[in-house]
Amino acid sequence: MTNNLKVIVIGGGHNGLVCASYLAKAGLSVQILEARDSVGGACAPIIDNNGNKLAGLAHASYGLNMQILKDLDLPALPIQLSLDTISLSEDGSHITFANNSVSGRKISERDSKSYRGFIEEFKKYSEALDVLTTNIPPRLKDMDWHDKKTLIKIGWNLRFGLGKKLMREFLRVGGINIFDVLNEKFDDPAIKGAIAFDAVLGHKMGPRTPNTVLSYLQKISFGENNSLCRSDNLSTLLEEKAKSLGVKILTNSKIDRIIIEDGICKGVKLESAEIFKSDLVISNADAKTTFLKFVGTEYLDAMFSHRVDSIRQEGAVARINLCLKALPKDQNLEGDKLFQRLIIAPDMQYVEHAFNHSKYGEYSDHPILEMIINRVEDRGPSVNSITATISASFAPYDLKGGWGKNRNLFVNRVFETIEKYIPGFNNLVKSYELLTPCDIEEQYNCVGGHWHHGEMGIDQSFMMRPVHGSAQYKTPCKNLYLCGASAHPGGGITGLPGHNAAKQIIRAI
Amino acid sequence: MTSSVFQKSPFQARLDALNIVQQWTSWNGYKSAQVFDTIASEYFAIRSTCSLMDLTPMEKFRITGPDSQRFLNRLVTRDLSNLAIDRVAYVIWCNDEGKVLDDGTVFRLGENDFRLCAQHHQLDWLSISRLGFNVNIEKETDDIAALAVQGPTSFSVLNKVGIEGLDKLKPFQICQQSISGIEIMISRTGFTGDLGYELWTSPENALDLWDLIYGQCENGNFDIRAIGLHALNMVRIEAGFIMPGEDFVTAETAVRADRSRSPFELGLSWLVDFEKPYFTGKKALQAEALRPANRRLVKLSVEGNKPPADAFLYDKENGKRIGTVKSCVWSPILKANLTLSDIEFENGSCPEKIWAEIYYQKELEWKSSWSQCHVSHKPFWKNARASLTPPMKF
């Protein structure tokens, strides 16, 4: 390994910060160039028009992968931030998911037992896939010994980790849809709706879409101490860690292009015309932005460019930032319950219908929603508003007729929907801001405004992520790498793409 | 196939009238003659007098827009940055793996105005390749009537018709002309290895143009013959021109991984320029250039007079099989069997001895014989008048 290599990381999202930290730790000289005025990307807090500090775009997450916390000596998210999930019901008989169990007035003993079994089963699948997600995805052609080792481990995990019976079951359900699987397992529509919600949120998929078992497995973390948390201060933690390891961070630095000379990446040019030369460039930007905008098709093969262009990456989740006049008063959401993760996905048909609209470029008549109301003590000293954040789907990027006139109409649909579940809610809304996928695209410099920098279907996963010809964090251009959610294992606040990319880069130099 | 399913060329009325053997085939969907009269007479028209051939079915694409030059330069392996207006270049283009998709010619008609002629349908590939380039691509195959006028007397014929300025027109150069009220574009290009021109006009002028030229024959001034694809195939092999789909499987149509061919494997390394800006396939070709050549399409003449069609090639009589004949012709003008043959190389170089095992019939009885072969590094046949400016009168 050559020491003191100069490295540019494009984008200081959580994956960029993780990758930069690992590389700095390995002795490389790392410079992060961030387009926005702060690092953290989707984890960075949002300051709304009233000056309120709100949770970032990813307002809830399972936190970074344990291995990363260990390697970088980072604290796990404090337990106070952990969130239960409460799936709202129109009649007030909400159900609560906490500590890998489900409870609620109407939940039968049978279903609650099934749920424990379901979590147990899916936890095993997730553990079997762990080798794949925490490693560089193996090539199937021209394998080196790392690739072979990973493949053998996956095979071993599937066959001996799961055992014959469970492996057979995994092979049966692995590629199919969550709709069929949940119908096999549960009676209660609300349980099925809530699980289906987690399988599809962030994707342009409905419960009946193939791959939704996989997308569920990729999103949910089943670890004992790994509960869903508000990701409030994650970006600060990561930023401080990176800086302490010697990573230099420059914000407000928009990339104009990546400099390619004779197939070799030489550095980057900023929109301000400033040029940063470096030995390596690592892009945390999505593949479309990296290749089509920063590199340019002129420097790439035609079919490769076409494959990048064809990545399915149209966001379907809108973010709404709310200021409330007062906290909702609901007898079914008393005390702490109000501050948990509230979701509206009463049954799978509801979720599927919501998705159907997006297929035809429409927003959902009855959207699926995830709302987190901020606790009073979380408010900054100078701020006196009660705030909440909502992820609302389906709000397609490519909305028929564009978002212009439809913004308020969609927000009204969202409020009408909440009103049904939390009566009186509409009157509490003081002000709101909507971020459609188009706004997210613009503000977060990510084509399509897609949470995961590309749908996580099987065809866009593993060694096919982002595309054939750029797997294993490498690109067709020498010394240019990917480290973001566009790369394996994809989106979510895991830090794994950044971690795996760093591993690959350290191995390569 | 009945003739009714074919697309009609704007020259069709004249072609139909002249085709006394009615041997038609489909060329990109057009009704195209294989033979009009006899192959021999058509061949000798190209080599000794003047031939007329309908080129309309050749795929033609118009590429315009501010990025058109950059777009084409990223498409093809040859450097087009210095292609001047009114000039033509022979080009090939490859897929990402550096395997040849097709060959053709690029005509620079203006600063940002190009015509790309191709053997096969290319609109898909052009559309894929345009991503990131501000260009407009239009297929104009059906909108242009094209006529090849080839042969030693082609210059004299066109002169007699009244086309001026041809004495100054260099090979691969273009000029615009108006004769008898017909606007035509003339390029000094062809597929025969001899003096020749290609004439381009709008379809409604096609018959008038044909009559003007063929009229010289009817007046008794010159011997001019309409020729079909068979005669053209003979002369293009003599001239050493490859035919995608005949001499190799194009990368788009190849099913088996080892069937597609790189420019190097086709003996077209002179068309590959690593100094130019990036083009599709460059990375793969740069890697290939570092490895010893494993095979090559070579110009191979075969001794004797037995036709070596589809023959296997060996390193000695009854030796190791090292290749096959892809296309071949008995050249009447050179009195030799000429082939384009795919040969496996050993340690990066061409085997020194190549033998062909030829199967042939004598009155329905099959026989086989062995013939020694010789690699030709130059076109088998090329006439000096093809590149003389002004061309000689015949």
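Every chain is numbered from 1 and lettered A, B, ... according to where its sequence line falls, protein lines coming before strand lines.
For the pair A:Glu34 (side chain) and A:Gly12 (backbone), a donor-acceptor distance under 3.5 Å is present. Panel note: side chain A:Asp286, backbone A:Thr289; a donor-acceptor pair is recorded below 3.5 Å.
For the set B:Pro277, B:Ala284, B:Gly281, the count of heavy-atom pairs under 4.5 angstrom toward chain A peaks at B:Gly281. No other option in A:Gly263, A:Pro476, A:Gly296 has as many heavy-atom pairs under 4.5 Å with chain B as A:Pro476. Contacts with chain B were tallied for A:Ile260, A:Asp262, A:Leu292, A:Leu300; A:Leu300 has the most, counting heavy-atom pairs under 4.5 Å.
Heavy atoms closer than 4.5 Å to chain A are found in both the backbone and the side chain of B:Asp96. Neither the backbone nor the side chain of B:Phe71 has a heavy atom closer than 4.5 Å to any heavy atom of chain A.
Using a cut-off of 4.0 Å between Lys/Arg side-chain N and Asp/Glu carboxylate O, B:Lys282 and A:Asp301 are scored as not salt-bridged.
Aromatic ring orientation, B:Phe107 versus B:Trp200: perpendicular (interplanar angle above 60°, classes split at 30° and 60°).
Residues of residues 127-141 of chain B that come closer than 4.5 Å to chain A, counting heavy atoms only, are B:Ile128, B:Ser129, B:Leu131, B:Gly132, B:Phe133, ordered by residue number.
Under the side-chain hydrogen bond (donor to acceptor under 3.5 Å, both in side chains) criterion, A:Asn211 pairs with no residue at all, not counting sequence neighbours.
A centroid separation of 6.0 Å or more is found between the aromatic rings of B:Phe61 and B:Phe114.
Considering B:Glu288, B:Glu97, B:Arg295, B:Lys99 as possible partners of B:Ser262, the one that fulfils the side-chain hydrogen bond (donor to acceptor under 3.5 Å, both in side chains) test is B:Glu288.
A:Asn479 and A:Lys266 share no side-chain donor-acceptor pair at under 3.5 Å.
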